[in-house]
Number of protein chains: 4
Amino acid sequence: MSRNLPLSRDERRQQILDAARRVFARRGYHVASIDDVVKEAEVARGTFYNYFPSKRAVFAVVLEALFEAVASAPEPIRVDGDDIPSQVRANLVRMYRALAEHQDLTRILLAEAVGLDSEADEDLGRFYERALERVERALLAGQSLGLVRAGDARAMASCLLGVIKEPVFQAMLRREPLPVEAVAEEAFALVWTGVLAAR
Amino acid sequence: MSRNLPLSRDERRQQILDAARRVFARRGYHVASIDDVVKEAEVARGTFYNYFPSKRAVFAVVLEALFEAVASAPEPIRVDGDDIPSQVRANLVRMYRALAEHQDLTRILLAEAVGLDSEADEDLGRFYERALERVERALLAGQSLGLVRAGDARAMASCLLGVIKEPVFQAMLRREPLPVEAVAEEAFALVWTGVLAAR
Amino acid sequence: MSRNLPLSRDERRQQILDAARRVFARRGYHVASIDDVVKEAEVARGTFYNYFPSKRAVFAVVLEALFEAVASAPEPIRVDGDDIPSQVRANLVRMYRALAEHQDLTRILLAEAVGLDSEADEDLGRFYERALERVERALLAGQSLGLVRAGDARAMASCLLGVIKEPVFQAMLRREPLPVEAVAEEAFALVWTGVLAAR
Amino acid sequence: MSRNLPLSRDERRQQILDAARRVFARRGYHVASIDDVVKEAEVARGTFYNYFPSKRAVFAVVLEALFEAVASAPEPIRVDGDDIPSQVRANLVRMYRALAEHQDLTRILLAEAVGLDSEADEDLGRFYERALERVERALLAGQSLGLVRAGDARAMASCLLGVIKEPVFQAMLRREPLPVEAVAEEAFALVWTGVLAAR
DNA sequence: AATGAATGAGATTTCATTCAT
DNA sequence: CATGAATGAAATCTCATTCAT
């Protein structure tokens, strides 16, 4: 009935996008319906399709935004800066904090984006590819500096990514808050020295 | 259509269960339809419902079977047995091998079972709880033997779980085979000594 | 698994028929399933079809049995017997008692048998036809004896049938027991003298 | 298929409601399918569910409308108006006419609404309760005026209700038109003076 | 640009009936 | 005869998308 005030195209688009993110986080991609989204955004159903061609498309845009938010958290390691361990530890804290801050995003990223369809899998693949490359480059740099031990940097990167993701995933699964400091500390220690007692 | 000959309840049930597992792995829980399952099993639609009350129910059974298969892979570390590093490495290989053997299972476990509904989340939570406890106990034992460094064993366990899961997840995402030996080697090295070069 | 002892064809048939009557009374024709019936009868599903060609057919037989039970309740009015009012009153009591004794049958007759399909409607039509004819004949006899006032005996019979049915129906609807005596008394008084106070 | 032009919510709703009433009357609640209804209404299947949440729900609305239509037919007896017998006779004619006018409604009310489920039974129970109370009040008034003979007014009301319903039911069962005048006449005579010849 | 009524393919599930054992 | 596994047509209901207003 009552017609929404005209908004700039970008504002309206953002309004729908935000609503979609909240809905996807709350209900999951498959269970969420366009109806849920337009109700959350308080626009008419047709309006949605004026801005996005399909449910799948708006989800892709939501995903892309998440990628950006998480990927921008860590800062490049600088050889000339603080001592390297501190930089690594700080980056881990930054990552965990970014993930903890956006619990809804996390849920989408870890739970909803997987197994959607092959196109979504490719989006996700590209995301992790970028993440892995980044870690891999850091490891390779470390190896060439003699800081990091020899080994398959790619496989190592994959394991390291797991060190970051899993505690977040477990917290999400249990719907508990992520204990950022404790987890960052253990992750750092593991990465740095493994589980062994000092020799 | 030609009618299938009657089969013993157990055989038919298993046939449908296997088909369901393949279909869930290929298409994902939400996208898979009962039609897909009965076509894969080559039975009539009604036959499915003679054995399982719902799509959700058959998925629960599939999931439970996966839990068992994966959880039974590692063997307890024995202090009096082979040297401990070898036992740990062997367990990692066992786990990766179990997961690699059943690529379809892996997809379901890592991607499809997450965020389905609260009941599935609880199943999954219990599964990971068991896994974490197991790792945690091993770590605590190691600590009391002076082998493992001090620290929050729970958080450490969570990170270690990630070390195992992530390479498998990445392989699944890219639909590539898991390089079991290489990954096991890196995972072991990471767990044992971290990423640092020997000091 | 365990196979029922062989029974004579008639006994087995009766066993199924009784079960069907109970089930139809409890659940209603449409909601009742063959599964309900065979479980109630404790026979296999196939056995049912050895005795009755269809769900509809067994229902027809159940109905027929009810017809008999109810139709045999009243006794013919005899001009040479007790005084006629007593005979009429006695018949009303007999009818109400028969209906009250078989609550389940009543439910089927009044609620389930109507609107099933055109074939069932014809069965039901024949039943009421017989009932109406009987009442009509009694009324015509009464008219020729000068006992019953003039009028359309058929329409009168229809109204009288309603006098009998409705209290039973109301009791059924409320799932209350039928107060046989009180209802019979009022029905008799109504039939005999209407609602007017004596002039 | 050519798409129906958008209609106001109320118009479309009414269109579907009317179609549903016709279909329920023709086929019966259980046998009627949503498909029948949407074909009768000439709308798409989804359109039905835009207006009613379920088959059961649209039936409840149909039923409620019938209750209103039938319950509003008789007019209160006024002591200071025409002579009372005329008023009673007129009310009977009004009732029969209302029922005869809407044969479809009648079928639903008398046949389809009974024994559907406990909720429908309660609706029906309330409807008859209102009807019975109305008749009972009239009888009690008549008794206090010395017009109506003594007796259990409630039981009497129940019998009277049967006098009204049964001829309608019989006509419906035979799919014959209701002979309104003849039936009203006999019903009135029965109610007023019973079946006895004048003494 | 915004609206929301209309659409229909397709999903899950039921259950009367058949038939090999 | 008795059994119960197997069947598939058909039912209800969902929801992404279209399009007249």
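Lettering follows sequence order; numbering is per chain, from 1.
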Q) Take atom CZ in Arg175(C); do more than 12 heavy atoms of anything else shown fall under 6.0 Å from it? A) no
Looking for any heavy atom pair under 4.0 Å, which part of the strands does Tyr51(D) touch: base, sugar-phosphate only, or nothing? sugar-phosphate
Rounded to the nearest 0.5 Å, the CG atom of Leu110(B) sits from the CG atom of Leu110(A) at a distance of 11.5 Å
A side-chain contact here means heavy atoms from C-beta on lying under 4.5 Å apart; do Asn50(B) and Arg12(B) qualify?
no
Comparing nearest nucleotides in DNA chain F, the 5'-proximal residue of the pair Ala44(C), Arg12(B) is Ala44(C)
The reported gap from CD in Glu64(B) to CZ in Phe59(B) (rounded to nearest 0.5 angstrom) is 12.0 Å
Using the six-membered ring wherever Trp is involved, compare the ring planes of His30(B) and His30(A) and label them parallel, tilted or perpendicular (cut-offs 30° and 60°).
parallel
Within residues 13-26 of chain D, the residues having a heavy atom closer than 4.0 Å to DNA chain F are none
Ring-plane angle category for Phe127(B) and Phe67(B), please: parallel below 30°, perpendicular beyond 60°, tilted otherwise.
parallel
note: Arg27(D), atom CZ; dA10(F), atom P; distance rounded to Å ~ 12 Å
Residue pairs passing the side-chain hydrogen bond (donor to acceptor under 3.5 Å, both in side chains) test with at least one member in residues 16-25 of chain B, sequence neighbours excluded, are Gln14(B)-Asp18(B), Arg22(B)-Glu40(B)
Phe52(A) atom CZ is separated from dA1(E) atom C1', nearest whole Å, by 15 Å
Scoring nucleotides 16-21 of chain E by protein non-hydrogen atoms under 4.0 Å (B base, S sugar-phosphate only, - none) yields BBBBSS
In DNA chain F, stems of three or more consecutive pairs, Watson-Crick or G-U, each with both distances under 3.5 Å, turn out to be E:2-21 with F:2-21
Distance col, row Leu109(D):CG vs Phe169(D):CZ, nearest 0.5 angstrom, shows 12.0 Å
The reported gap from OG1 in Thr47(C) to CD in Glu42(C) (rounded to nearest 0.5 angstrom) is 12.5 Å
Taken to the nearest whole Å, CG/Asp10(B) to P/dA5(F) is 11 Å
By side chain to side chain contact (heavy atoms under 4.5 Å, CB included), Ala57(C) pairs with (sequence neighbours left out) Pro53(C), Ser54(C)
Taken to the nearest whole Å, NZ/Lys39(A) to P/dC15(F) is 11 Å
Sequence neighbours excluded, the answer for salt bridge (Lys or Arg N to Asp or Glu O under 4.0 Å) partners of Arg126(D) is Asp123(D)
